[in-house]
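Notes for the one structure printed next.
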Amino acid sequence: MLQISRLRNAKNLVIEGLRKRGWTDGELIILDQIIEADDYRKKIQTANDELLAQRNRISKEIGQLFKNGKADEVQSAKLKVETLKSEISENEKSLSEFVETIQNLLYKVPNVPHPKVPAGKTDKDNLLVKDWDGELPNLAQDALPHWDLAKKYDILDFELGVKITGAGFPVFRKQGARLQRALINFFLDEAINAGYEEIAPPLLVNEQSGIGTGSLPDKEGQMYYMEKDDLYLIPTAEVPVTNILRNEIVKSEDFPFKFVAYTPCFRREAGSYGSDVKGLNRVHQFDKVEIVQAQHPDLSHETLDEMVSYVEILLQKLELPYRILRLCGGDLTFASALTYDFEVYSAAQKKWLEVSSVSNFEGFQANRLKLRFNDEFGSKRLAHTLNGSALALARIIAALLENNQTPEGIKIPEVLKSYTGFDMIK
RNA sequence: GGAAGAGUGGCAGAGCUGGUUGAAUGCACCGGUCUUGAAAACCGGCGUGCGAGAGAUCGUACCGGGGGUUCGAAUCCCUCCUCUUCCGCCA
């Protein structure tokens with residue numbers, strides 16, 4: 001959530017940033033509405049605090065009068081308060097109205113993109129910061145996409161998922177299930193070795209947590225919702241894990257907080273059909289290992305770079321061809337200030353698949369979470385939060401299956417063999 | 001799901017027959033005195049949000065969340081949530 005103080009102090013920069021997201025003059029009006037509403041709010045509060053002070057003073061006097069046995073003077077004092085009270089309650093009513101209005105306006109403003117973010121509307125405008133400089137896998141003419149490989153080796157069953165649940169809930173079987181579990185363990189072990197604390201969080205979260213990371217109130221549609229219990233299925237471990245630090249004032253010497261969590265992720269994914277969503281490319285439930293950090297604002301962009309290279313090494317270890325993109329303003333998610341996407345080449349589909357997204361949210365989530373720290377001058381500042389997938393399993397599996405297919409079977413990358421217990425899917 | 005009890009500052013723990021109680025006391029923490037240094041002892045400081053002010057500082061709100069009664073509520077009432085114990089059910 002945008003800080004009003006930032007809007008007041010650096011409005012031009014905020015506008016400049018939002019323009020990168022393609023915001024028009026008409027949309028930018030909201031910024032003035034926020035400032036205006038906030039001005040009113042301040043005015044009312046100043047006036048109301050004065051009235052409250054009067055009320056408190058008189059009430060104290062009444063207490064004294066009783067003590068001194070001057071009960072006869074009490075009545076006139078009570079009358080004075082009576083007139084104050086109606087004024088106060090009216091002020092408080094409009095005060096809470098303004099607070100709510102401001103809140104709702106602020107919820108509509110996405111994070112201000114970092115200066116490094118290129119302007120642009122769609123994924124075509126994303127900046128390729130690192131291209132794959134090696135060979136792309138050169139598969140045989142009859143190479144199969146992963147959904148056909150899944151059938152051939154009986155490791156992944158989409159139709160069965162339809163029977164049990166519905167479309168988009170694949171069932172992994174046999175070596176497919178083992179591969180899945182191997183990847184999870186591999187990713188977790190790597191993260192732990194890199195100093196991340198492993199978390200096993202709840203998969204259902206309350207509304208407050210959803211708001212904390214910016215998943216609510218805007219994107220209810222993306223999440224599965226349990227109406228009876230007022231809980232949401234997590235779309236990513238980011239939500240429960242980042243909320244560990246909600247409402248905390250941390251010590252700056254405790255930075256960085258580094259968490260890793262494996263969880264299934266649930267996405268309702270309203271939207272497109274066709275080849276983009278075929279197979280494992282887009283599903284309602286998939287597994288992901290997520291890394292989350294909270295960091296001092298001065299260091300968060302170094303941390304982002306460090307997380308990017310961490311993910312890069314994972315892909316190298318898996319021997320997958322990848323490239324790195326810096327997302328343009330239009331492709332940036334609501335809460336992010338700067339995002340790098342990793343794409344892995346899927347040889348049989350002949351397309352790049354997004355397998356990881358690493359973002360710095362700067363103070364945007366922290367402002368919603370109320371995650372602060374005491375700086376060296378003793379004043380409170382917002383921490384910065386970051387996260388990244390390391391990695392999303394479904395698409396990694398798709399790429400592994402396709403890229404490593406041979407006439408003899410599907411080869412398992414060296415680093416995974418000790419986890420899978422086999423070196424070939426056949 | 002049923003019954004009883006409880007939720008107070010970083011922690012522990014008073015207050016809860018309504019009126020200098022934002023809240024005693026202890027611990028922890030920070031600064032100081034003492035000490036070669038440390039410990040102990042002693043002195044002082046030590047919550048968060050919002051508003052006003054150049055600032056010192058002042059005002060206001062917050063004692064699980066929300067609402068109510070009252071001139072005035074941590075203290076009384078309603079409601080929701082959470083925790084503990086007992087019972088039931090269950091991986």
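So you know, we letter chains A, B, ... as the sequences are listed, proteins then strands, and number each from 1. Scope of the values below: all heavy atoms of this structure, side chains included, with no hydrogens, waters or symmetry mates.
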When rounded to the nearest Å, what value does the distance between [atom1] atoms of [N] and [M] take?
N	M	atom1	value
B:A12	B:A28	C1'	10 Å
B:C89	B:U82	P	23 Å
B:G19	B:G55	C1'	35 Å
B:G5	B:C78	P	13 Å

*Across all strands, who's sitting opposite B:A56 as a Watson-Crick or G-U wobble pair, both distances under 3.5 Å?*
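When the pairing criteria are applied, nothing turns out to pair with B:A56, so the answer is none.
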
*Minimum heavy-atom distance between A:A348 and A:Q405, given as atom pair plus value*: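 Here A:A348 and A:Q405 meet closest at CB-NE2, 4.0 Å.
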
*What nucleotide among B:C71, B:G49, B:C50 has an atom nearest to a side-chain atom of A:V81?*
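Closest nucleotide among those given: B:C71.
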
Distance, rounded to the nearest Å, where [X] contributes [atom1] and [N] contributes [atom2]:
X	N	atom1	atom2	answer
A:L52	B:A73	CG	P	10 Å
A:N56	B:U70	CG	P	17 Å
A:E50	B:G53	CD	P	14 Å
A:L51	B:G59	CG	P	16 Å
A:L84	B:G72	CG	P	10 Å

_Ring centre gap for A:Y262 and A:F187 strictly below 6.0 Å_ =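 Between A:F187 and A:Y262, which both carry aromatic rings, the centre distance is not below 6.0 Å.
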
*Is the gap between the ring centers of A:H284 and A:F266 under 6.0 Å?*
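Distance test on ring centres: not under 6.0 Å, no.
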
